[in-house]
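Just so we're on the same page: letters track the sequence lines, and every chain starts at 1. Heavy-atom basis, side chains included; hydrogens, waters and symmetry copies ignored.
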Amino acid sequence: MPFSEAAQKELQQVVTRYPDKRSAMLPALEIAQREQGYLTPEAYEWVAEALDTSPTWVASVASFYTMLRKEPVGRYLVQVCTNLSCSLLGAQPLLLYLQEKLGIEVGETTPDGLFTLVTVECLGSCATAPVMQINDRYYERLTRERIDEILTALRAEAGS
Amino acid sequence: MADKFLLRNIGVTDSHRIAVYLARGGYQSWSKVVKGIKPAEVVDLVKRSGLRGRGGAGFPAGMKWSFVPKDSYPRYLVCNADEGEPGTCKDRVLMEQDPHAVLEGVAIACYAIEAHVGFIYVRGEFSLSAERLEAAIAEAKAQGYLGDDVLGSGFALDIVVHRGAGAYICGEETALLSSLEGERGNPRLKPPFPATEGLYRKPTVINNVETLANLPLIIERGPEWYTSMGTEKSPGVKLFALSGQVKRPGIYELPLGTPLRTLIEECGGGTLDDRPVKAVIPGGSSSPMLPAGQLDVTLDYEAIAAAGSMLGSGAVIVITEGTCMVSVARRLVEFYAHEDCGQCVPGREGIAWMAKILERIEAGHGREEDLDLLLDICDGLGGRSLCPLGDAAVGPVRSSIKHFRDDYLAHIHTGTCVAPTSVTIA
């Protein structure tokens with residue numbers, strides 16, 4: 001899948017933002033991921049060309065960062081923090097509840113492609129624990145009721 | 001409760017917009033500095049304030065600036081906004097709700113070290129923080145507070161927001177620089193220190209968000225005002241992120257030297273269900289746990305160190321009776337194992353093995369000699385890893401074995417825990 005003109009333009013812009021264009025690596029990979037949903041070999045080539053480096057180098061850098069995905073995910077990526085502050089307030093039972101509600105295990109995607117469930121390390125929202133992030137958005141002070149509301153709202157948004 | 005300085009704009013409607021920030025006295029310090037104070041005088045003011053780094057190490061900020069070698073240009077300032085140490089969530093509040101205060105701090109620091117570009121490295125997950133900072137930069141540029149000729153002073157300043165992509169280790173300053181240069185977030189050996197050889201091998205100062213947010217206040221009110229709060233060696237105010245099993249977790253601003261008990265009981269409203277405190281992690285997940293008997297310690301760098309821990313980022317995690325401390329240690333060690341960069345053997349092997357041993361103990365298959373084995377690994381890891389991540393993983397292990405040995409022995413001898421709640425198992 002070729003990259004859109006808008007993505008090309010954004011990439012060109014981001015490369016000029018730094019004194020050294022290699023610094024545009026993470027923003028460039030983020031653009032590629034936003035465009036394609038996850039990072040493909042084509043994305044590594046696309047970024048490498050813009051930064052005057054090799055696709056292998058780009059892939060190596062990408063492999064270091066958890067937010068840079070190497071596999072496709074569902075429309076909503078449900079990321080549940082299970083670190084200490086969240087777990088002291090019940091993150092583990094809430095994770096089980098999410099698994100039950102979505103009918104999937106951690107690491108799986110629902111058959112309709114809507115939800116992928118993963119656990120993540122500390123999201124830096126400890127004083128409003130338990131917390132999860134869905135795509136870019138934080139959902140804080142979670143309870144079972146709140147999870148029900150969130151899932152219902154997202155399903156409605158997706159029209160299913 | 002004490003007056004609010006760092007949190008003065010939090011909760012005010014549209015506090016992230018420049019009109020509100022200006023109406024509340026914002027950018028006056030920056031204007032004063034850029035129009036009429038010499039960089040060396042700014043460094044001197046901050047030195048006299050005694051401001052110490054709020055990211056965790058507590059190193060005097062003014063002194064850190066003065067390590068930049070003379071006559072070596074260009075120089076860079078990097079604001080470390082890669083907030084990720086479990087328990088820590090104070091910088092996010094500033095970036096989301098008072099981004100101009102962060103920018104004003106970055107601007108003052110850039111001027112003090114004579115840097116014309118400042119980078120803000122925001123952890124990738126903090127989308128709203130990054131968006132608010134970017135919008136604030138655009139507003140500040142439009143009104144002349146940033147740009148090629150700031151407020152007609154002739155000083156040029158650009159601030160660039162750079163988003164991370166999910167790697168706790170990038171909060172370590174040399175790893176942050178690797179990441180900002182477009183590489184894997186691998187920490188580098190020190191020396192050379194970033195002040196002499198940092199970003200693009202140029203002199204670079206890296207300061208935490210909260211440290212920088214103090215600068216407009218110090219310029220506005222003077223160093224004597226700052227040292228009138230806190231203790232002699234830990235002057236000023238600090239943000240504390242209170243989390244865990246308390247009634248009112250949150251971000252609280254207190255003078256350094258406030259008793260830990262005041263934070264937990266008065267700010268936090270006490271523990272959930274009024275259960276007795278079992279342990280407190282006083283400065284983020286890497287700081288050794290304190291047992292309940294130490295609640296009267298004061299929250300300043302010296303007192304917490306004397307109690308056997310560290311103030312770190314000021315992230316206080318409260319753990320009450322009924323929680324299994326083996327599971328707490330295991331959860332934190334698993335975090336460090338996950339976030340280790342893999343470069344050095346003590347970090348890569350030591351932490352991973354500690355995680356496996358702790359898992360075995362929690363599952364009831366441990367042996368008593370495992371405790372000595374864990375402490376032995378701690379000896380081989382603490383102070384011997386490439387970066388401070390190794391020391392960070394040692395904190396929870398040593399302190400939990402020291403203060404909560406009975407929790408370990410129960411798992412080892414009976415296969416189960418004296419405390420009903422595990423943080424690793426639902």
Side-chain angles (χ1 to χ4, degrees), chain A residues 14 17-30 33 47 51 53 57-58 60-69 79 81-97 99 119-131 133 135-138 140-141, chain B residues 74 76 83-92 117 119 123-128 160 162-168 170 179-186 199-200 241-245 249-251 272 281 285 315 317-320 323 327-328 331-332 335 338-339 341 421-426:
Chain A
V14 92
R17 207 164 66 185
Y18 300 89
D20 184 323
K21 64 170 145 184
R22 288 174 307 159
S23 286
M25 179 72 86
L26 294 183
L29 285 164
E30 193 271 327
Q33 175 165 284
V47 171
L51 303 188
T53 183
W57 174 253
V58 177
S60 162
V61 174
S63 71
F64 193 86
Y65 297 91
T66 56
M67 287 175 67
L68 297 175
R69 299 186 293 270
Q79 305 157 80
C81 174
T82 60
N83 211 301
L84 184 58
S85 296
C86 284
S87 287
L88 284 167
L89 296 179
Q92 297 290 344
L94 287 176
L95 179 63
L96 276 188
Y97 184 68
Q99 287 174 283
T119 57
V120 289
E121 289 297 354
C122 185
L123 287 170
S125 191
C126 316
T128 50
V131 60
Q133 184 177 9
N135 297 349
D136 276 352
R137 189 171 158 195
Y138 276 50
E140 299 161 60
R141 296 189 180 90
Chain B
Y76 296 107
E83 180 166 60
E85 168 96 349
T88 314
C89 49
K90 62 188 177 67
D91 297 337
R92 176 179 160 221
V117 186
F119 293 93
R123 69 173 289 179
E125 292 86 345
F126 283 177
S127 299
L128 186 58
V160 177
H162 183 89
R163 292 181 63 179
Y168 161 79
C170 292
S179 181
L180 187 48
E181 289 178 1
E183 298 178 11
R184 296 166 69 86
N186 283 336
L199 188 64
Y200 313 128
L242 179 65
S243 72
Q245 294 162 321
I251 311 299
L272 284 179
I281 296 177
S285 57
I317 307 174
V318 177
I319 300 162
T320 57
T323 304
S327 76
V328 170
R331 185 64 195 82
L332 294 179
F335 165 72
H338 180 263
E339 300 298 335
C341 78
T421 309
S422 164
V423 294
T424 59
I425 301 160

Nearest 0.5 angstrom please: B/Leu332 CG to A/Leu84 CG, how far?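 Taking CG in B/Leu332 and CG in A/Leu84, the distance rounds to 5.0 Å.
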Please round to the nearest 0.5 Å and tell me the distance separating atom CG of A/Asn135 and atom OG of B/Ser127.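 A/Asn135 CG to B/Ser127 OG: 9.5 Å, rounded to 0.5 Å.
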Ring center gap for B/Tyr168 and B/His338 short of 6.0 angstrom: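 No, too far apart.
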Which atoms of [X] approach chain A - backbone, side chain, both or neither, heavy atom under 4.5 Å:
X        : answer
B/Thr323 : side chain
B/Asn186 : both
B/Phe335 : both
B/Leu199 : neither
B/Leu242 : backbone
B/Ser179 : both
B/Phe119 : side chain

Mind ranking [options] by heavy-atom pairs under 4.5 Å with chain A and telling me who comes out on top?
options                                : answer
B/Leu272, B/Val117, B/Leu128, B/Thr424 : B/Thr424
B/Gly182, B/Ser422, B/Cys170, B/Gly87  : B/Gly182
B/Glu85, B/Arg163, B/His162            : B/His162
B/Pro86, B/Cys341, B/Pro249, B/Gly244  : B/Pro86
B/Ala241, B/Pro74, B/Gly124            : B/Gly124
B/Glu183, B/Glu339, B/Lys90            : B/Glu183

A/Glu140 bridged to B/Arg92 by N-O distance under 4.0 Å: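 Yes, A/Glu140 and B/Arg92 are salt-bridged.
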Should A/Glu121 and B/Arg331 count as an ion pair when the cut-off is N to O under 4.0 Å?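 Counted as a salt bridge, because a side-chain N and a carboxylate O are separated by less than 4.0 Å.
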For residues A/Cys81 and A/Tyr138, determine if any side-chain heavy atom of one lies less than 4.5 Å from a side-chain heavy atom of the other.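 In short, these two side chains do not touch, never coming nearer than 4.5 Å.
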Would you check if A/Cys126 and B/Ile317 make a side-chain contact, meaning some heavy-atom pair closer than 4.5 Å?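 No. Closest side-chain heavy atoms not under 4.5 Å.
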Can a side-chain donor-acceptor contact be found between A/Ser60 and A/Ser63 if the only test is distance below 3.5 angstrom? no
Between A/Lys21, A/Met25, A/Arg137, A/Gln92, which shows the greatest number of heavy-atom pairs under 4.5 Å with chain B? A/Gln92
Chain B heavy atoms under 4.5 Å from [X]: which part of the residue, side chain, backbone, both or neither?
X        : value
A/Gln133 : side chain
A/Leu123 : both
A/Leu68  : both

Pi-cation contact, A/Tyr65 with B/Arg184 (under 6.0 Å, within 45°):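 Checked: cation-pi criterion not met.
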Would you check if the side chain of B/Gln245 reaches a backbone N or O of A/Leu88 as a donor-acceptor pair within less than 3.5 Å? yes
Taking A/Cys122's backbone N and O only, do any of them form a donor-acceptor pair with B/Glu125's side chain (distance below 3.5 Å, no angle check)?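 Answer holds: no.
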